[in-house]
Amino acid sequence: MNDMTLLPPVFGLVGLIAAFFIYTLVKKFPDGEDKIKKIADDIHEGAMVFMRREYTMLAMFAGVLLILLFFFLGTGTAIAFTAGALSSATAGWIGMYAATRANVRTTTAAHTEGAAAALTVAFFGGSVMGLAVASLGLIGLGLVYFLYGADPGTVHNIHGFGMGASTVALFSRVGGGIFTKSADIGADLVGKLEAGIPEDDPRNPGVIADNVGDNVGDVAGMGSDIFESYCGAMIATIAMASTLSVANLGNLIPGGMTEADSRSALMFLPLAMSSIGLVCSLIGIAIVRSRSGSNPAVALRIGMMVTPTMFIAAAYWGITNMGISVNVWWAVVSGAIGGVVIGLVTEYYTSSSPVVRIAEAGKTGAATVIITGLAVGMESVVVPLLAICGIIFVSTELAGLYGVGIAAVGLLATVGMTMAVDAYGPVADNAGGIAEMGGLGEETRAITDSLDELGNTTAAMGKGFAIGAAALAALAIIAAYVETIAYVRGESFVLHLGDPMVLIGLFIGGIVPFLIAAITMTAVGEAAMEMIEEIRRQFREIPGLLEGNADPDNAKCVDIATTAALKRMIVPGVIAIFVPPAAGFILGAEALGGVLAGGLLGCVLMALMMANAGGAWDNAKKHVEKGNLGGKGSDVHTATVVGDTVGDPFKDTSGPSMNILINVMAIVSLVIAPLIA
């Protein structure tokens, strides 16, 4: 396979060139008149200032980890860690830069050309993020694999790449989530409920910060979240292939290859599948563009369905041509189908009858809205967890533990398309905000609202996909951890429920997601209080602001959200990264295995419940704002706004942090496995 190992970076480079080409297409659309250009420039500058400050703090934290890795695990792991961190950070930066240039062009296209052109610009803006994630993952991990993957003595270095990507993801997701929700809650509670002004009203000092937050949380944060799952799944599968027994190799490659060639083929397969997935994503993006003149929802759905279908067919060709058993292909199929199921269930719970049920609960006040929303979130956990169980059962029956890893790769291979559809949402949301602040009229706002409503659904589906992907990727990494411990010890490694150390680890692992959720929820609440006080102060002290005769101090609100996010994102990151070494070195490898098992279950359950409850609360509020159940300004509306405010940190801060938390804990455990075995 040595002659093929440079193909993934080459495919990644092609994808990056395509992303740049799409960005040039976005830039060709006009960015509008002076007023909305000024608004868009404020959003762009606020987002980039936050990213610069966040990445500065992140670089210092990563520097400490880099030194520790260098001294304890060597130069190779340190180099891979650096490559993973830089790749993830670069993907987030590129995606957010493109999104904050596409938003105003989406607004202008909606105002001057109509819905089809606006969809094209918004989707192209999101596509840059999707292609950046997939391409930089293939370039970075592909080059690290080229350096270290061929030699069994150095293949462990690759795990450092996943740790670097996960470190960036954790800080980007938690920091971005605290920023976006503190601004959103402050702007909503003071603007809508106290001042009685519309959402995205230019008189509201928190509106620019809210729009900045959409980008740093839902574009850069989500991009880094998916990036680390994408790379983590490939790394785990490579790790498992590197430690497979001769008998298992023979089962997966029955054609009589040598042991070395069989192992090499199975180690290279995840990169090959992701390369095929990138090509299918490019075709899917082109299909959405060609159908954008029709119903936007139909165009996006066609792209989301056609892309994995093409991938499944192409994967069959690739796997059989490499001489690998067709059972491995069926494991890939199980992952891809499971991802679609999780996405569809998420869509149902965040955009269908459960949303109406929550809105109708508003007739009796905010308390029943919150109770109903929590019930919907809890119920929404059932089918996705059963789907994950189905993926695990099918894939392991077909291909053993290696099947779990390759199923996760199958779920994530078309991440270019999945992330493009997801990142479209914040671009459309920003476009609506700019239209409102720029006073472009009801007709333009109606177009941007329709795109935003679709974006809320795609974003909710994206969150469901991200959770499923994180669960499978983490499970694959945990399986790789078990295999690595057994390989180093030279004997089987079993996590037995009768072992007190495993049980202790299970409980410790179960504690961590609740602790992180509590810390991040508290952080959003405290940051929102600061934001609320500042918005109230400006309404109180700036003469003529509420009457529209004065300008708010937007920069002050952006600075408050930035400072709050950066100050409060450190503790969750430290806990996530240092719990595994503490458990492993103090309590042992068995206890750490228990920690990972307890953490995985707790994180997946909480992530699904919080993300779906939050999305349902949000869309229940929007259901009322369309004129249902009394419409804007009614008591039902007030109740659903309260529900949405509770749901905001659920779906955009604490919930998403669960995805990354379990992957961070798992990849750190895999990295230190040789030291604690």
Side-chain angles (χ1 to χ4, degrees), residues 181 184-185 187-200 297 342-385 425 428-429 432 442 445-446 448-464 467 521 528 605-655:
K181 291 304 107 181
D184 192 4
I185 291 170
D188 273 2
L189 288 184
V190 182
K192 283 185 179 180
L193 298 189
E194 294 183 11
I197 58 178
E199 188 172 2
D200 295 320
I342 293 168
L344 291 175
V345 171
T346 304
E347 180 184 15
Y348 168 75
Y349 279 104
T350 56
S351 65
S352 190
S353 56
V355 169
V356 177
R357 197 161 78 238
I358 294 169
E360 289 176 343
K363 295 174 184 176
T364 49
T368 44
V369 167
I370 292 169
I371 291 168
T372 309
L374 286 171
V376 166
M378 292 173 186
E379 182 186 313
S380 73
V381 167
V382 177
V383 176
L385 258 293
D429 190 6
E442 290 297 321
R445 190 65 212 245
T448 58
D449 280 351
S450 69
L451 296 177
D452 183 25
E453 184 180 355
L454 177 60
N456 283 333
T457 300
T458 61
M461 291 177 70
K463 287 184 177 70
I467 295 163
M521 291 285 285
L605 292 172
M606 288 193 70
L608 283 166
M609 188 276 288
M610 296 176 101
N612 292 340
W617 273 318
D618 187 6
N619 282 333
K621 176 198 70 175
K622 287 181 167 60
H623 178 73
V624 175
E625 288 176 345
K626 288 180 185 176
N628 299 302
L629 301 170
K632 292 181 181 180
S634 66
D635 288 343
V636 175
H637 183 229
T638 300
T640 55
V641 168
V642 172
D644 178 42
T645 304
V646 174
D648 274 338
F650 260 49
K651 68 182 174 66
D652 289 325
T653 309
S654 299

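These numbers come from a predicted model, not from an experiment. Both backbone and side-chain heavy atoms feed into the values below; hydrogens, waters and symmetry mates do not.
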Exercise. Heavy atoms only: give me the nearest Val355-Tyr349 pair and the separation to one decimal.
Key: CG2-O, 4.1 Å
Quiz item: Can you find a heavy atom in the side chain of Leu374 that is under 4.5 Å from one in the side chain of Phe650?
Solution: yes
Quiz prompt | Short side-chain donor-acceptor distance under 3.5 Å, Tyr348 and Ser380 | solution = no
Quiz item: Can Arg357 and Thr372 be said to form a side-chain contact (heavy atoms from CB on, under 4.5 Å), step by step?
Solution: CA-CA 8 Å; Arg357 197 161 78 238; Thr372 309; 4.3 Å; yes
Quiz prompt | Shortest non-hydrogen contact from Ala366 toward Ala639 | solution = N-CB, 3.6 Å
Self-check item: Atom of Ala616, atom of Val376 and distance for their closest heavy-atom approach
Solution: CB-CG1, 4.2 Å
Quiz item: In chain order, what residues pass the side-chain hydrogen bond (donor to acceptor under 3.5 Å, both in side chains) check against Asp188, with sequence neighbours excluded?
Solution: none
Quiz prompt | Interatomic spacing from CG in Asp644 to CD1 in Ile370 - rounded to 0.5 Å | solution = 11.0 Å
Quiz prompt | Partner residues of Thr645 under the side-chain hydrogen bond (donor to acceptor under 3.5 Å, both in side chains) criterion, sequence neighbours left out | solution = none
Quiz item: Is any side-chain heavy atom of Asn619 closer than 4.5 Å to a side-chain heavy atom of His623?
Solution: no
Practice problem: Please name the pair of heavy atoms, one in Val381 and one in Met609, separated by the smallest distance, quoted to 0.1 Å. | Solution: CG2-N, 3.7 Å
Exercise. Could I get the full list of side chain to side chain contact (heavy atoms under 4.5 Å, CB included) partners for Thr364, not counting sequence neighbours?
Key: Thr368
Exercise. Kindly determine whether Thr350 and Trp617 satisfy side-chain contact (heavy atoms from CB on, under 4.5 Å), including the steps that lead there.
Key: CA-CA 8 Å; Thr350 56; Trp617 273 318; over 6 Å; no
Exercise. To the nearest 0.5 Å, tell me how far Asn628 CG sits from Lys622 NZ.
Key: 14.0 Å
Self-check item: Listed once per pair and sorted, the side chain to side chain donor-acceptor pair (under 3.5 Å) pairs that draw on residues 632-641, sequence neighbours left out
Solution: Glu625-His637
Quiz item: Out of curiosity, Thr653 OG1 to Asp648 CG, how far, rounded to the nearest 0.5 Å?
Solution: 8.0 Å
Self-check item: Non-neighbouring partners of Thr448 that pass side-chain hydrogen bond (donor to acceptor under 3.5 Å, both in side chains), sequence neighbours left out
Solution: none
Exercise. First locate atom CD of Glu347, then atom CD1 of Ile342, and finally report the distance between them rounded to the nearest 0.5 Å.
Key: 14.0 Å
Quiz item: What residue pairs, at least two apart or across chains, pass salt bridge (charged side-chain N to carboxylate O under 4.0 Å, His left out) with a residue in residues 361-377?
Solution: none
Self-check item: Minimal non-hydrogen separation, Ser654 against Met610, with atom names
Solution: CB-CE, 3.5 Å
Practice problem: Heavy atoms only: give me the nearest Leu608-Pro384 pair and the separation to one decimal. | Solution: CD1-CB, 3.8 Å
